[in-house]
Amino acid sequence: MPSLLDNLNPEQLQAVTLPSQHALILAGAGSGKTRVLTTRIAWLIHTGNVSPAGVLAVTFTNKAAKEMLTRISAMLPVSTRGMWIGTFHGLCNRMLRAHHRDAGLPQSFQILDSQDQLAFVKRVLKAMNVDENRFPPRQVQWFINDQKEEGLRPNEVAPGRDEFNRRAREIYAAYDEQTRKEGVADFPELLLRCYELLQRNEVLRTHYQARFRHILVDEFQDTNRLQYKWLKLLAGPESALFAVGDDDQSIYRFRGANVGNMADFEREFKVANVIRLEQNYRSHGNILNAANALISHNRRRLGKNLWTAAGEGEPLRVYEAQTDGYEANWIAEEVQALAREGFARREIAVLYRSNAQSRVIEHALFSARIPYRVYGGLRFFERQEVKHALAYLRLLASPDDDTSFLRVVNFPARGIGARSVEALQDAAQSRGVSLWKAAAELGGKSGAAVGAFVRLVTTLGESTQGLPLPEVVEHVIDASGLVAHYQAERDGADRVENLGELVNAAAAFEQDDASVAQFANDATGADAAPLNRLDAFLAHAALESGEGQAAEGADAVQLMTVHSAKGLEFHVVFISGLEEGLFPHEQSVTEDDGLEEERRLMYVALTRARTRLYLSYARSRLLHGQTRYGLASRFLDELPKEILKWLSSPARPRLDDKAWRAEEPLPRLKMAKSRAEALPFRIGQSVVHPKFGEGVVIEYIGQGPQMQVHINFGRLGLKRLMLEQAPLTPA
DNA sequence: CTCTAAGAGATTTTT
DNA sequence: TCTCTTAGAG
């Protein structure tokens with residue numbers, strides 16, 4: 001037992017050993033947050049009279065949940081079986097499966113991921129004859145999720161003021177009805193339905209409230225309103241809610257996260273235990289000084305200052321490049337130098353604000369033959385071929401799932417065109433049944449082809465009856481014709497391979513004890529029946545996007561957005577593209593609280609680095625096909641000057657590289673000059689305006705005395721000034 | 001059904 | 001500029 005608490009600092013120790021009361025742990029970046037959370041659980045079970053079944057811990061990602069489980073298992077001799085550890089969605093799914101009848105869902109309800117949901121919305125729009133131009137499906141989807149995450153059903157949504165909201169509400173109502181008919185649930189639905197289940201069913205509510213004496217929440221600053229309401233409902237009079245979070249790392253407001261939950265929690269639960277973890281074990285002093293200085297510019301904070309017992313370390317290296325191409329090339333050269341210094345490539349990360357920026361960097365790394373890995377992009381279970389295969393499997397489990405039906409009814413092509421499908425949809429709608437049911441009774445010539453499809457799926461179901469899961473999957477990808485289809489395709493080799501990988505995933509799923517435990521039912525209700533393996537696997541596939549499915553690969557430089565770097569750490573970090581308009585992003589400046597969120601994002605970026613940090617920006621950048629001239633990010637100004645080391649001498653362009661030459665700024669400048677010799681400033685030149693300060697000349701508009709000059713004043717935005725009257729001087 | 005052309009959109013992302 | 005989606009022709 002003493003070993004459990006060894007090597008904790010006083011604050012960590014205090015947090016871990018708090019009495020069973022509500023607590024809020026403000027855990028700074030790199031302060032040992034996960035350690036506190038896991039040790040707390042282990043300690044509770046070890047010393048208190050807490051059984052594993054009394055613990056519920058919730059995270060945002062499967063990765064975090066898995067990590068937590070592994071670490072607890074390592075600390076405890078006891079089985080972690082009875083514990084509920086998972087994501088919000090995973091735990092809600094578990095509860096809904098166990099009590100599907102009370103929740104009004106079929107036991108094998110299917111989960112719509114974002115893609116499925118979008119397709120679903122489109123279908124509803126079409127059925128309602130709504131113009132997709134006036135009501136873009138994506139916006140409708142966003143509207144629906146927004147309402148759900150506020151906990152609102154269509155009839156509870158405030159009547160819209162404008163046309164869009166009024167109509168969107170009606171669409172939401174139709175959407176809601178249709179999902180109920182088909183027995184499917186989108187992501188926010190899992191939470192909302194579970195919330196409603198607990199709210200309405202007093203027996204269940206009191207049961208779970210009495211059971212979960214300890215509820216622990218990770219990344220509390222990222223919870224949305226519905227998640228907080230769910231937690232409030234789950235926490236009974238005897239429960240202790242232990243929330244860990246960092247308001248300075250709240251970077252997901254755009255997807256509904258509500259930092260205000262931290263303050264609300266403190267107030268509503270009368271939290272007496274607020275503990276700050278401020279000692280950082282990750283970064284050198286200068287990196288923390290930079291992070292602290294930066295974040296101090298934010299006004300709405302709970303307040304926190306990171307410190308370290310490690311030394312100051314190196315200064316932060318800052319680099320100004322002429323173009324984004326030079327910037328990328330410099331990064332590549334620097335990476336090579338680092339490799340010579342002995343840094344492992346996987347310990348080097350290049351961060352950027354938006355995905356589009358990776359292109360140039362990839363090009364430079366590729367040219368320099370530096371192995372790299374880009375994070376993000378399509379995940380395993382989101383791939384077309386995998387989704388097709390899953391759709392067949394889903395039809396076996398729930399034939400009324402129209403989304404899956406439509407996805408594969410004519411894939412691989414079997415002569416069922418849009419007209420047949422439309423006829424089928426009409427028939428289904430007029431009779432109020434699913435496409436599957438309508439298909440069974442459809443006549444005519446299209447009826448024959450559709451009938452063949454129905455028979456195919458039916459046979460598939462019969463012939464896989466009782467088979468082990470991996471064999472079911474194998475049989476389905478084969479007999480559906482998917483494998484044959486992709487084998488015949490020119491570039492289908494990868495897809496065939498992924499289909500095979502899906503069989504492996506099913507086998508791995510069956511082997512993985514943890515996932516079996518995850519979806520196993522506990523005896524909490526009379527209607528608790530063991531969940532069919534196929535249903536469990538399908539839920540797993542929807543809830544776990546399959547990040548880990550891709551191979552980890554060789555020792556490679558890590559490229560990712562700042563968002564996806566959250567929670568990770570590296571020896572060396574490059575933060576690239578530090579330009580006004582990019583980082584902070586120009587769209588954020590108009591958003592309420594947008595700039596502060598950008599600053600938190602920068603804070604996250606800075607605190608990823610352990611020993612060395614590079615900051616860079618480019619004076620010009622190719623964006624949407626046009627050269628944009630920008631200023632250095634204000635965030636650079638917000639860092640203490642004395643810890644910055646400016647690197648001079650930009651990298652030399654490689655003249656033998658065609659792509660490089662295309663990015664050279666010189667030809668553009670020449671063209672601009674020759675067109676109008678008399679222009680006082682070059683394009684891209686820095687100028688000073690007495691009122692607006694420093695800016696960069698972007699372009700000239702018009703002719704003669706009417707001529708205007710377009711200038712980027714950075715944080716003041718773009719301005720058009722009359723050239724003859726504007727009091728401009730070269731900087 | 002497959003191929004091509006034209007058009008829109010182009011922060012950030014997990015479940 | 002580039003990429004993804006969709007509409008229309010063959």
Side-chain angles (χ1 to χ4, degrees), chain A residues 58-65 86-93 111-119 122 132-133 136-139 142 145 148-149 185-192 194 218-219 222-224 226-227 250-257 324 351-360 375-379 381-382 384 410-419 485 489-490 539-547 560-567 577 581-591 594 597-598 600-602 604-605 621-628 659 662-663:
Chain A
V58 58
T59 63
F60 272 86
T61 63
N62 292 300
K63 198 174 150 201
T87 63
F88 279 100
H89 295 86
L91 296 177
C92 286
N93 174 61
I111 299 167
L112 304 180
D113 68 13
S114 312
Q115 265 180 57
D116 298 333
Q117 189 189 23
L118 186 63
K122 284 181 183 166
E132 288 201 4
N133 290 315
R138 284 197 179 280
Q139 277 189 50
W142 178 79
N145 288 350
K148 289 193 179 188
E149 278 165 4
D186 56 43
F187 285 133
E189 182 71 25
L190 293 173
L191 282 149
L192 182 53
C194 188
D218 191 17
E219 307 273 21
D222 286 338
T223 50
N224 64 35
L226 181 56
Q227 286 160 340
S250 156
I251 55 173
Y252 284 115
R253 216 178 61 112
F254 69 92
R255 68 174 197 213
D324 49 350
L351 308 185
Y352 34 80
R353 174 64 237 267
S354 59
N355 283 308
Q357 289 167 252
S358 78
R359 184 170 294 281
V360 230
Y375 276 72
L378 260 197
R379 265 152 321 188
F381 288 118
E382 288 166 3
Q384 186 204 94
N410 195 34
F411 194 96
R414 47 176 75 86
I416 301 170
R419 298 248 310 262
H485 176 266
E489 210 172 50
R490 257 166 312 179
H540 165 83
L543 290 172
E544 172 125 28
S545 43
E547 184 71 82
M560 66 189 86
T561 63
V562 181
H563 280 93
S564 35
K566 193 176 151 208
L582 235 201
F583 199 0
H585 199 278
E586 55 195 348
Q587 297 210 38
S588 72
V589 180
T590 54
E591 286 165 23
E597 175 133 327
E598 292 287 306
R600 292 192 290 268
L601 196 53
M602 180 66 181
V604 168
R621 179 177 295 275
L622 217 51
L623 209 63
H624 306 331
Q626 277 180 325
T627 309
R628 296 246 325 233
E663 282 160 23

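Side chains are part of it too, since the values below use all heavy atoms of this structure and drop only hydrogens, waters and symmetry mates. Every chain is numbered from 1, with letters handed out A, B, ... down the list of sequences.
Of the candidate nucleotides dT15(B), dT11(B), dT6(C), dT11(B) has the atom nearest to the side chain of Arg353(A). With dT11(B), dT13(B), dT14(B) as the choices, the nucleotide that has an atom nearest any side-chain atom of Arg379(A) turns out to be dT14(B).
Sequence order on DNA chain B of the closest nucleotides to Glu598(A) and Pro188(A) puts Glu598(A) first from the 5' end. Of the two residues near DNA chain B, Ala542(A) and Gln587(A), the one whose nearest nucleotide lies more 5' is Gln587(A).
Between Arg138(A) and dG9(B), a side-chain N or O to OP1/OP2 separation shorter than 4.0 Å is absent. Phosphate contact (OP1/OP2 of dT15(B), side-chain N/O of Asn224(A), threshold under 4.0 Å): absent. At the phosphate of dT13(B), neither OP1 nor OP2 sits under 4.0 Å from any side-chain N or O atom of Ser114(A). Distances shorter than 4.0 Å separate none of the side-chain N or O atoms of Arg359(A) from OP1 or OP2 on dT1(C). Look at Ser564(A) and you'll find a side-chain N or O under 4.0 angstrom from OP1 or OP2 of dT13(B).
Protein atom CD of Glu489(A) is 13 Å distant from nucleotide atom C1' of dC3(B), rounded to whole Å. In this entry the distance linking CG of Asn355(A) with P of dT14(B) reads 10 Å, nearest Å. For the pair His624(A) NE2 and dG7(B) P, the computed distance is 19 Å after rounding to whole Å. Ile111(A) has its CD1 atom 14 Å from the C1' atom of dT14(B), to the nearest Å. Atom CD of Gln626(A) and atom P of dA10(B) are 16 Å apart (whole Å). A straight line from NE2 of His89(A) to C1' of dT13(B) spans 12 Å, rounded to a whole angstrom. As a whole-Å value, the separation of Gln384(A) CD from dC4(C) C1' is 13 Å.
The side-chain hydrogen bond (donor to acceptor under 3.5 Å, both in side chains) search around Arg359(A) returns none, not counting sequence neighbours. With sequence neighbours excluded, the residues forming a side-chain hydrogen bond (donor to acceptor under 3.5 Å, both in side chains) with Glu598(A) are Arg353(A), listed by chain and number.
Separating the P atom of dT3(C) from that of dT12(B) is a span of 15 Å, rounded to the nearest Å. The separation of dT13(B) from dC2(C), taken at their C1' atoms, amounts to 22 Å, rounded to a whole angstrom.
Here the rule is side chain to side chain donor-acceptor pair (under 3.5 Å) with Glu189(A), and of His89(A), Lys148(A), Gln117(A) only Lys148(A) fits it.
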